[in-house]
Amino acid sequence: MSETIFTKIINKEIPADILFEDDQVLAFKDINPQAPIHFLVIPKKPIATTNEIAPEDDAVVGYMHRVAAKLCADLGVAEQGFRTVMNCNPDGGQTVYHIHLHVLAGKPLGWPPYQERLKIE
Ligand code: AMP
């Protein structure tokens, strides 16, 4: 897959507000927050979309969720609640083709999350 802006963040070629990093994942604040708390958890391995998650990636995808929950606990919002979202391809709203878990918190989040409600004939 072609390199994305998230590879540049992993390689420290462009700056990001990093909340957590280890050998497997990186968590950083979203540059265009959609909630009082909005950060992204990404694997260091570049996986383009949810469709490309392979069996050998199961552990890191699970770990991304545990990192999200730990950071929400550290930020004091785990008990009140938060939302994790992974958009896939154009209809899912994906714009960066390196999988990322959006983590949103800090206010009651509406449901469904999209403005345009599905029209049921
Ligand atoms: P998606 O539309 O699900 O692919 O989400 C991509 C997210 O990446 C958006 O919420 C963007 O605001 C965010 N984003 C893009 N570039 C950066 C950046 N340089 N630093 C932090 N977040 C970014």
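Because only heavy atoms are used, hydrogens play no part in the values below, and waters and symmetry mates are left out as well, while side chains stay in. Throughout, residue positions are numbered sequentially from 1 according to the sequence presented. In each ligand, atom 1 is the first atom listed, and ligand 1 is the first ligand listed. Keep in mind it's a predicted model, so treat the numbers as computed, not measured.
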Only counting residues at least two apart or in another chain, list the ones meeting side chain to side chain contact (heavy atoms under 4.5 Å, CB included) with [X].
X: N32; result: D30, Q34
X: D91; result: none
X: L109; result: A35, R83, L104, K107

Please tell me whether Y63 and D22 have a donor and an acceptor in their side chains that are separated by less than 3.5 angstrom.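 Side chains of Y63 and D22: pair found under 3.5 Å.
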Same cluster or not: are F82 and V61 linked, directly or through other Ile, Leu, Val, Met, Phe, Trp or Tyr residues, by side-chain heavy atoms under 4.5 angstrom apart?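 Yes, F82 connects to V61 through the hydrophobic network.
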Does ligand 1 have any N/O atom under 3.5 Å from a protein N/O, and what are those pairs and their distances?
| from | atom 1 | to | atom 2 | distance (Å) |
| --- | --- | --- | --- | --- |
| ligand 1 | 2 (O) | G93 | O | 2.9 |
| ligand 1 | 2 (O) | T95 | N | 3.3 |
| ligand 1 | 2 (O) | T95 | OG1 | 2.9 |
| ligand 1 | 3 (O) | N87 | ND2 | 2.8 |
| ligand 1 | 3 (O) | H100 | NE2 | 3.0 |
| ligand 1 | 3 (O) | H102 | NE2 | 2.8 |
| ligand 1 | 4 (O) | T95 | N | 2.7 |
| ligand 1 | 4 (O) | T95 | OG1 | 3.2 |
| ligand 1 | 4 (O) | V96 | N | 3.0 |
| ligand 1 | 4 (O) | H100 | NE2 | 2.9 |
| ligand 1 | 5 (O) | H100 | NE2 | 2.9 |
| ligand 1 | 5 (O) | H102 | NE2 | 3.2 |
| ligand 1 | 10 (O) | D30 | OD1 | 3.2 |
| ligand 1 | 10 (O) | D30 | OD2 | 2.5 |
| ligand 1 | 12 (O) | D30 | OD1 | 2.5 |
| ligand 1 | 22 (N) | I31 | N | 3.1 |

So does K8 get a backbone contact from the side chain of N11, meaning a donor-acceptor N/O pair under 3.5 Å? no
